[in-house]
Amino acid sequence: MSGGGSQHSAVATVARPWWRGQGGRAHLCARWATGKKGMGKVLCLVAVALGSGGIAAAGPPKPNILVIYTDDHGWADIGAQGADGDVRTPNIDRLVADGVLFKRGYVTAPQCTPSRAAVITGRYQQRFGVEHNGIPMRQDVVTLPERLKGAGYVSGISGKWHLDVEDQRKAQGAKNRALPELAPQHQGFDEYFTGARRDYVASHALDGTPFPDAPRQVRDERCRVVVQTEAALSFLERRAKSPGQPWFLYLAYMAPHVPLESPEPWFSKTPGHLPLERRQALALIGAIDDGVGRIRGALRAMGDEQDTLIFLIGDNGAPLGNAWDGSINLPMVGQKGMLSEGGIRVPFVAAWPGRIPGGQVYEHPVISLDVAATAVAMAGLPRDGALDGVDLIPFLTGQNKGAPHETLYWRWMSQAAIQEFPYKLIALGERERLLFDITAPDGENIGRNLAAKNPDVAARLEGKLKAWCDTLRPPGMPTSFDAHHEGLFGEHGIIAKTERPPSSGPEGSIQGWVCRNGTIAIGDGALVITPDAKAGANARPFLACAALDMPGPVVATVRARVQDGGQGSLSWRTKQQPDFVPENTVAFDWSQAQGTSGVRVELPVQGRLIHVRITAPKGARGLAIQSVELQGKDGEARAWDFGSRP
């Protein structure tokens, strides 16, 4: 593991085999301007011929590099893991058969933006200040496609970027915004088709036609996974026309991340007895699997299958509870937003037929940082000490029998962790440290904390963790433990649950919720709503909760029982709005809130939400709400479980 350093410029001298078909001395200097005065980023790479003037022998050809990054994809959810019989991923399983399944594959954060910043740079993201969502990656940070450009690669991206999003919640009424100067085309990508759901920014049409006015806005209403696969295939079709040039493709699927979909034909193939979210997640994963198969088919048709190094990795664990996206992390403990195994240990596969022996199950810990280090080495570029990862190829070919890493580190918001297998130490703010043996997946448990039994190990690991945290931006260990994070760790049995008093509210309220045009009471594990028989014919009962303070946008999850469904709605107001206004209302189908499934409703809140209403369908009977969760930006959440306490 190596430390970070300035990367505003890098100069590398490389042996002659770095270039194909040219003699003597070759020079390449590429500059990417940031558009900010005095902040230009220069990456100069110089190829020098070996000997005094002769032509050096050709080196091994540089492989193409494909990185597939899935979104909120739990460890269990590829078939090759053998964790859940409902998961069917035949194409990914064939990729495993042709390559390596990393049983202990990690990412650097349990959240989207920081995880993506690390995989695309090969550096711990905290070294350049990307601690959590809402912090964009500076343009002076050198990316993998920028490094590979010096070795003659052309680079493309399809799907979710998310490293250009700036958190604007401190500005009243402002939304997050994407900074155009931090878009992929300014971070080393030559071609791009980026977007998360329906709206994309592209350099080329899906039929391969270049846009003369790029970047161009493109809207496609089809399933996002299909669109992102087709953008990747379009990139490969263009590469087939230039077969002598190596390429790098970053395919960042925005799935199975919410909002969930029911894409066909995959949804109909899922078991009907499963919860809706589970079926939708499996359908999206099925669409990803189909995309993997189509892409590998294209590589075979191009004659590039033996010349392409492929990684498939999840960006973090699946969210669970009221934020569930239908994916699962079992048997790992925890979820997205936690530095437990369930939050950072993910599906992790590599394949390079003809170079890496197939059918391997690799047990040593690896991390997403290794992607860039491996790619740089295979491209023939010199080792850069600023990279935090390790070239995995010697370990996968049997050349190196040791473990790639002695120590792995994490810091995310109010949590920090260090692993020296089999030990893992977790620091939760100022709380007492946790030391676990993670040999078994259920090792992270309150009853298995080894800190008191092995104080020397705990002290040594904490010392190393503190020293590492002091090198970050900003430096230092977390000093306080976020209440939401505390609830997650308690829920998963890693620490003791903290019992908090019920929220106070106005007279007649339950946990801060009041009912209008009806009454409420706790019964049979839910908040039972009884309409007021004296109310007007058009009056519907609704629940309201005030005294909130949550940054938008907000995702609401409602779990309920109802005899007769229909259209309900969620309404809100912000600090800037003295009253509810019609445009701040989102309708939803109340029947989808049934049982354990629940319904998720996206509220496009601008500013900070302070008051919310849940309105029942007209004429509905048998209304009972089991739980409500409001989740704001960056993981801020409030939850009410009406079955757990009065």
Side-chain angles (χ1 to χ4, degrees), residues 111-113 132-136 162 164-179 196-199 257-259 319 322-323 337 413 482-485 487 502-506 508-517 520 527 539-560 567-590 593 598-616 625 627-640:
Q111 192 183 47
C112 170
T113 295
H132 53 73
N133 283 0
I135 303 176
H162 216 256
D164 54 356
V165 178
E166 183 178 52
D167 183 348
Q168 293 249 292
R169 64 180 176 176
K170 292 182 180 178
Q172 292 294 332
K175 295 189 292 185
N176 280 359
R177 64 185 182 118
L179 303 176
R197 295 182 57 199
R198 303 287 184 263
D199 296 300
H257 193 291
V258 295
N322 289 336
M413 301 183 76
D482 180 86
H484 176 60
H485 298 171
S503 302
S504 59
S509 68
I510 296 178
Q511 296 187 36
W513 290 85
V514 297
C515 184
R516 299 290 182 253
N517 299 326
I520 51 176
L527 188 66
R540 304 189 201 178
F542 66 86
L543 296 177
C545 185
L548 301 171
D549 187 10
M550 178 174 294
V554 172
V555 176
T557 303
V558 180
R559 299 176 187 271
Q567 287 290 310
S569 64
L570 274 155
S571 306
W572 71 93
R573 67 183 181 91
T574 66
K575 286 184 176 180
Q576 293 75 40
Q577 297 166 327
D579 298 301
F580 286 84
V581 293
E583 56 265 30
N584 285 5
T585 299
V586 176
F588 68 92
D589 185 346
W590 195 272
V599 62
R600 288 179 176 79
V601 184
E602 293 188 352
L603 309 181
V605 178
Q606 299 184 27
R608 299 189 73 86
L609 178 149
I610 63 169
H611 196 171
V612 67
R613 288 177 178 172
I614 304 174
T615 302
I625 294 182
S627 66
V628 178
E629 180 177 277
L630 302 176
Q631 184 156 4
K633 199 151 49 66
D634 297 336
E636 286 196 30
R638 290 284 304 276
W640 297 265

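What's counted below: heavy atoms across the whole structure, side chains too, no hydrogens, waters or symmetry copies. FYI, the numbering just counts along the sequence from 1.
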Quiz item: To the nearest 0.5 Å, what is the distance between CH2 (Trp513) and CD1 (Ile625)?
Solution: 7.0 Å
Exercise. To the nearest 0.5 Å, tell me how far Met413 CE sits from His485 NE2.
Key: 5.0 Å
Practice problem: Give the minimum heavy-atom separation between Cys515 and Ile520, together with the two atoms involved. | Solution: CB-CG2, 3.5 Å
Practice problem: Taking ring-ring contact (aromatic ring centres under 6.0 Å, His included) as the test, write out the residues that go with His162, two or more places apart. | Solution: none
Quiz item: Can you name the closest pair of heavy atoms from Thr585 and Ser569 and give their distance?
Solution: CG2-CB, 3.7 Å
Quiz item: Considering the options Leu548, Val605, Val581, which one meets the side-chain contact (heavy atoms from CB on, under 4.5 Å) requirement together with Thr574?
Solution: Val605
Quiz item: Which residues pass the side-chain hydrogen bond (donor to acceptor under 3.5 Å, both in side chains) test with Arg613, sequence neighbours left out?
Solution: none
Quiz item: Is any side-chain heavy atom of Val165 closer than 4.5 Å to a side-chain heavy atom of Thr113?
Solution: no
Exercise. For Cys545 and Trp640, work out which heavy atoms get closest and say how close.
Key: SG-CZ2, 3.9 Å
Quiz prompt | Minimum heavy-atom distance Met550-Gly632, with the two atoms named | solution = SD-N, 3.5 Å
Exercise. Would you mind telling me which of Val554, Leu543, Leu630, Val628 makes a side-chain contact (heavy atoms from CB on, under 4.5 Å) with Val612?
Key: Leu630
Practice problem: Using the test salt bridge (Lys or Arg N to Asp or Glu O under 4.0 Å), find all partners of Asp549 that sit at least two apart in sequence or belong to another chain. | Solution: Lys575, Arg608
Self-check item: Partner set under side-chain hydrogen bond (donor to acceptor under 3.5 Å, both in side chains) for Asn584, not counting sequence neighbours
Solution: Gln577
Exercise. Please round to the nearest 0.5 Å and tell me the distance separating atom CZ of Phe542 and atom CG of Leu570.
Key: 12.5 Å
Self-check item: Donor-acceptor under 3.5 Å (Glu166 side chain, Leu179 main chain)
Solution: no
Exercise. Applying salt bridge (Lys or Arg N to Asp or Glu O under 4.0 Å), name anything that partners Arg197, two or more places apart in sequence or on another chain.
Key: Glu602
Exercise. Assess whether side-chain contact (heavy atoms from CB on, under 4.5 Å) is satisfied between Asp589 and Gln567, documenting all intermediate values.
Key: CA-CA 5 Å; Asp589 185 346; Gln567 287 290 310; 4.2 Å; yes
Exercise. For Val586, enumerate each residue passing the side-chain contact (heavy atoms from CB on, under 4.5 Å) test, keeping only those at least two apart in sequence or located in another chain.
Key: Trp572, Val601, Leu603, Pro604
Quiz item: Can you tell me how far NE2 of His132 sits from SG of Cys112, rounded to the nearest 0.5 angstrom?
Solution: 13.5 Å
Exercise. Compare all side-chain heavy atoms of Pro136 with those of Asp164 and state whether any distance is below 4.5 angstrom.
Key: no
